[in-house]
Amino acid sequence: MPGRRPLHILAGLALIVGAARADPAQPAPAVDPQRDYPIRPVPFTDVHLDDEFWAPRIETNRRETIPFAFEQCERTGRVENFVRAAAALRGEPLGNRQPPGYPFDDTDVYKVIEGASYTLSVHPDAKLEAYVDGLIAKIAAAQESDGYLYTARTIDPEHPHPWAGKRRWERERDDSHELYDLGHLYEAATAHYLATGKRNLLDVAVKSANLLVSTFGPGKRSIWPGHQITEMGLAKLYRVTGDERYLTLARFMLDERGRSDGERTNPRGLTYNQAQAPVVDQTEAVGHAVRATYMYSGMADVAALTGDASYLKAVDTIWNNVVSKKLYITGGIGASGRGEAFGANYELPNMTAYNETCAAVGNDFWNDRLFLLHGDAKYIDVMERTLYNGLISGVSLDGKRFFYPNPLESNGQHERSPWFGVACCPGNITRFLASVPGYVYAERGDTIYVNLFAKGTGEIALQSGLRVKLTQDTRYPWDGAVRITVVPSRSGTFAMKIRIPGWARNEPLPSDLYRFEEATEERASVSVNSVPVDTTLDKGYVTVRRAWRAGDVVALLLPMPVRRIVANALVEADRGRVALQRGPIVFAAEWPDNPNGHVRNIVLPPSARLAAEFRPDLLNGVAVITGRAFGLSGTADGRVVKAEQDFLAIPYSTWANRGPGQMIVWLAATDAVARPTPYPTAATTSTVTTSEARRKPGAMIDGDEPRASDDPTSYFDWWPRKGGSEWIEMAFQKPSHVSEVQLYWFDDTGRGEVRVPASWRLLYRDGDTWTPVETNAMFGVEVDRYNRVAFKPVTTTALRFEIRAQERFSAGVQEIKVR
Ligand SMILES: [Zn+2]
């Protein structure tokens with residue numbers, strides 16, 4: 001019942017992209033609308049999408065992913081943790097007192113409740129609502145009498161989770177995640193309250209936040225969250241309750257970070273959780289990427305709610321750093337798996353790109369907030385790129401399998417997973433997807449912002465009291481024609497700001513990190529009732545201000561030729577390479593669509609003619625790019641040959657829905673950077689198994705020549721198993737005459753814990769037994785080269801490598817060759 005609450009409250013709450021059924025009997029919170037984001041999003045409850053891209057994804061999220069994620073939370077003991085904590089509080093004896101899993105497992109339950117709440121506000125479902133109420137009762141019962149809520153301690157305070165510390169909060173800056181859990185609780189509680197009008201989870205959140213307020217602050221304890229999100233959660237709780245102490249505490253937590261008040265250092269370094277300097281003095285995006293984006297989002301919230309511009313200056317500077325030096329073409333961020341972190345400037349490797357799904361979600365939270373502060377379409381450009389590519393890639397088309405990292409190149413070693421031990425990403429996807437319609441429109445005064453394009457309707461309430469219904473008719477992102485029918489509640493003058501995406505203006509990103517290889521002369525056009533309007537841009541928007549009448553039609557045409565993108569020369573991984581984009585969609589070549597299941601050997605020269613077509617039968621209906629390219633392959637005598645072949649690329653976000661195999665976004669534009677398909681040998685056609693059955697061993701026999709022992713692109717290792725005996729068995733397709741093996745060791749000295757082994761030996765299958773090969777050769781363990789062992793020839797069906805790792809280290813292999 002949005003109409004029954006004061007407009008400014010709803011507008012402020014809209015940032016939480018919820019609204020609908022809050023209880024009108026509750027006193028309206030006294031949040032001053034002048035002290036919040038100047039631009040307000042149109043809540044997703046007022047936007048209905050009926051398009052080909054998002055609507056099916058949102059429905060799959062509701063029907064499949066949310067029930068599946070709840071089921072996983074039950075199956076993996078995450079729900080049971082709350083039940084056990086409640087039993088402990090009642091003094092009941094527990095059998096197993098050790099909390100399983102991680103101390104942040106509580107958040108997965110909170111996140112899925114948040115996602116379920118969003119769907120409930122647009123799709124009432126009594127059964128789901130009752131189930132969520134049952135979960136909330138379990139959560140409430142696990143809360144200690146003073147408001148403390150953290151199952152990893154409450155289950156057994158004498159023996160808490162090893163990361164939790166003996167006393168409350170003492171390890172918060174390291175690993176305990178007590179405040180991280182609560183940040184997600186506050187996000188879930190505000191979403192649930194706004195969706196259902198029920199206070200059951202909000203009351204738990206308020207009791208918890210009151211404990212924080214009485215524990216931390218000036219004259220009390222100092223603190224900053226080891227994993228940010230508490231700040232955003234407190235800001236939302238402030239908006240819902242009007243209790244300014246929550247906002248003050250959020251600000252305190254930001255201001256305490258990076259102060260040299262004798263705080264303990266994190267063993268991973270203070271940059272890991274952005275505590276290397278006071279937040280207002282930070283200029284570069286560093287450390288754990290999810291933590292970082294949540295912090296920058298929290299800084300934007302506090303800046304908007306307090307009017308303090310110093311946070312904004314820092315966040316704007318950091319944003320410029322990311323957009324000009326640390327953003328993938330897919331919109332992913334966080335290049336490095338080490339510490340799940342931002343890399344150095346221009347460090348954007350493709351196969352090892354980390355690009356956590358949660359970091360993509362955080363990147364969109366952050367860019368949305370900066371848009372709401374500045375009203376500049378460049379933030380939506382970044383948000384759209386992430387949304388359509390590196391974020392939605394995190395979930396499979398059937399909604400049941402997920403990516404944690406989202407790399408831009410694969411040799412088949414990457415595969416979606418139904419769930420994770422650390423399950424942050426599936427929960428984040430569920431809550432984000434349910435709220436996607438909330439990013440389409442925004443308003444300020446008498447101005448409507450049209451930010452995203454998708455078939456459907458939006459109901460926008462302007463401050464003048466005018467209500468405007470917009471109906472978009474379009475096949476975006478597959479087609480660039482957008483028709484918007486405007487129906488105001490009565491005739492009136494207002495402005496519509498229509499975003500002209502950067503990609504339609506020869507600007508892939510608002511920086512020089514990427515550029516289109518050739519500028520297009522085709523220009524975006526806008527007309528009203530078929531009369532062209534002036535397309536002079538103001539912060540990326542065409543502004544149409546007029547007296548609107550019901551049935552007026554705005555027609556937008558965004559030309560969508562296939563575009564080639566090249567990266568700044570400082571990005572080493574992309575040199576000599578080209579990426580393909582059409583409209584907002586970034587494309588990838590994947591194994592099922594290209595000759596012989598190979599794509600890393602493709603060369604796409606500038607002369608290759610490319611075209612786009614829509615394939616309704618492929619991947620639930622996608623536009624593809626087709627054309628002719630070249631494929632490189634090795635020959636028996638060691639040469640490389642080049643042959644013209646068909647080429648097909650699919651939207652990057654839809655890769656890995658048809659099984660593991662090669663994929664590439666940055667295609668070779670020259671022969672020199674392509675990876676020729678190796679000539680099949682006894683090794684490359686063999687079946688390899690190892691003493692670590694859970695990890696795929698294919699990288700050892702993929703024919704990919706390592707550049708050095710620490711080449712991170714295509715190797716196998718036994719990490720984190722250290723100091724033990726390991727084995728590899730290589731079974732040939734048919735009995736083979738062999739007399740030599742060459743082994744290239746993996747060794748990541750300087751960044752990891754894998755070293756060349758202490759020793760190894762080689763055996764062959766001899767009837768039912770393994771027999772050592774006869775040789776006087778050394779079994780070498782040198783780095784950066786093949787270690788060759790020649791032996792008395794044998795005819796056999798299999799070889800077995802027995803490897804003893806060094807004490808305290810793991811072992812690993814880049815490549816094995818057999819003759
Ligand atoms: Zn995650």
Side-chain angles (χ1 to χ4, degrees), residues 411-413 596-597 634-638 659-661 677-706 709 714-719 721-747 754-782 785-807 809-819:
N411 213 4
Q413 72 270 50
N596 308 314
T635 63
D637 56 1
T677 301
Y679 186 77
T681 65
T684 62
T685 59
S686 69
T687 303
V688 174
T689 50
T690 75
S691 48
E692 171 51 285
R694 288 169 301 178
R695 200 166 300 170
K696 276 188 271 170
M700 283 186 283
I701 51 159
D702 60 7
D704 233 19
E705 288 297 334
S709 278
S714 178
Y715 63 89
F716 171 88
D717 69 18
W718 283 274
W719 188 86
R721 290 166 29 164
K722 292 172 199 164
S725 294
E726 310 285 3
W727 55 261
I728 301 164
E729 288 180 11
M730 177 182 272
F732 302 122
Q733 283 188 342
K734 54 180 193 293
S736 300
H737 187 70
V738 289
S739 60
E740 180 186 303
V741 298
Q742 296 184 35
L743 221 153
Y744 203 119
W745 298 107
F746 176 63
D747 184 312
V754 184
R755 299 290 182 274
V756 295
S759 63
W760 63 289
R761 63 177 192 149
L762 178 66
L763 307 93
Y764 68 98
R765 182 171 283 151
D766 184 11
D768 288 341
T769 59
W770 292 105
T771 303
V773 298
E774 281 184 44
T775 181
N776 293 322
M778 292 277 293
F779 286 83
V781 291
E782 289 188 52
R785 49 164 288 193
Y786 281 98
N787 292 273
R788 177 174 165 273
V789 174
F791 48 88
K792 188 179 160 201
V794 292
T795 298
T796 184
T797 54
L799 294 176
R800 178 180 166 96
F801 300 79
E802 293 187 346
I803 293 153
R804 171 152 284 281
Q806 293 187 48
E807 289 289 321
F809 290 106
S810 303
V813 174
Q814 289 277 7
E815 190 72 24
I816 300 176
K817 290 180 177 174
V818 173
R819 278 159 72 144

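Because the structure is a prediction, the values reported are computed rather than measured. Along the sequence shown, residues are numbered consecutively beginning with 1.
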Legend entry - Pairs satisfying salt bridge (charged side-chain N to carboxylate O under 4.0 Å, His left out), at least one member in residues 769-781, at least two apart: E774-K792
Inset, instruction - With sequence neighbours left out, write down each residue that passes salt bridge (Lys or Arg N to Asp or Glu O under 4.0 Å) with D768, or none if nothing qualifies. - result: none
Inset, instruction - List in chain and number order the residues that pass ring pair (Phe, Tyr, Trp, His ring centres under 6.0 Å) with W760, two or more places apart in sequence or in another chain; answer none if no residue qualifies. - result: W745, F779
Legend entry - Side-chain touch V754/Y715, heavy atoms, less than 4.5 angstrom: no
Inset, instruction - Would you give the length of the straight line joining atom CD1 of I803 to atom OG of S759, rounded to the nearest 0.5 angstrom? - result: 9.5 Å
Legend entry - For E802, all residues meeting side-chain hydrogen bond (donor to acceptor under 3.5 Å, both in side chains), sequence neighbours excluded: R761, R800
Legend entry - ring pair (Phe, Tyr, Trp, His ring centres under 6.0 Å) partners for W770, two or more places apart: none
Inset, instruction - Quick one: list whatever passes ring pair (Phe, Tyr, Trp, His ring centres under 6.0 Å) with F791, sequence neighbours left out. - result: none
Legend entry - Partner residues of R788 under the salt bridge (Lys or Arg N to Asp or Glu O under 4.0 Å) criterion, sequence neighbours left out: E740
Inset, instruction - Would you please name every residue forming a ring pair (Phe, Tyr, Trp, His ring centres under 6.0 Å) with Y786, sequence neighbours left out? - result: Y744
Less than 3.5 Å apart, which donor and acceptor atoms pair up between the side chains of residues 812-819 and the rest of the protein, not counting sequence neighbours?
| unit_1 | atom_1 | unit_2 | atom_2 | d |
| --- | --- | --- | --- | --- |
| Q814 | NE2 | A708 | O | 3.2 |
| Q814 | NE2 | S709 | O | 2.9 |
| Q814 | NE2 | D711 | O | 2.9 |
| E815 | OE2 | D702 | N | 3.4 |
| E815 | OE2 | G703 | N | 2.8 |
| K817 | NZ | E705 | OE2 | 2.9 |

Inset, instruction - Sort and list the pairs that fulfil salt bridge (charged side-chain N to carboxylate O under 4.0 Å, His left out) and have at least one residue in residues 683-699, not counting sequence neighbours. - result: E415-K696, E692-R694, E692-R721, R695-D717
Inset, instruction - Check side-chain hydrogen bond (donor to acceptor under 3.5 Å, both in side chains) between D766 and all other residues, then give those that pass, not counting sequence neighbours. - result: T771
Legend entry - For S725, all residues meeting side-chain hydrogen bond (donor to acceptor under 3.5 Å, both in side chains), sequence neighbours excluded: R804
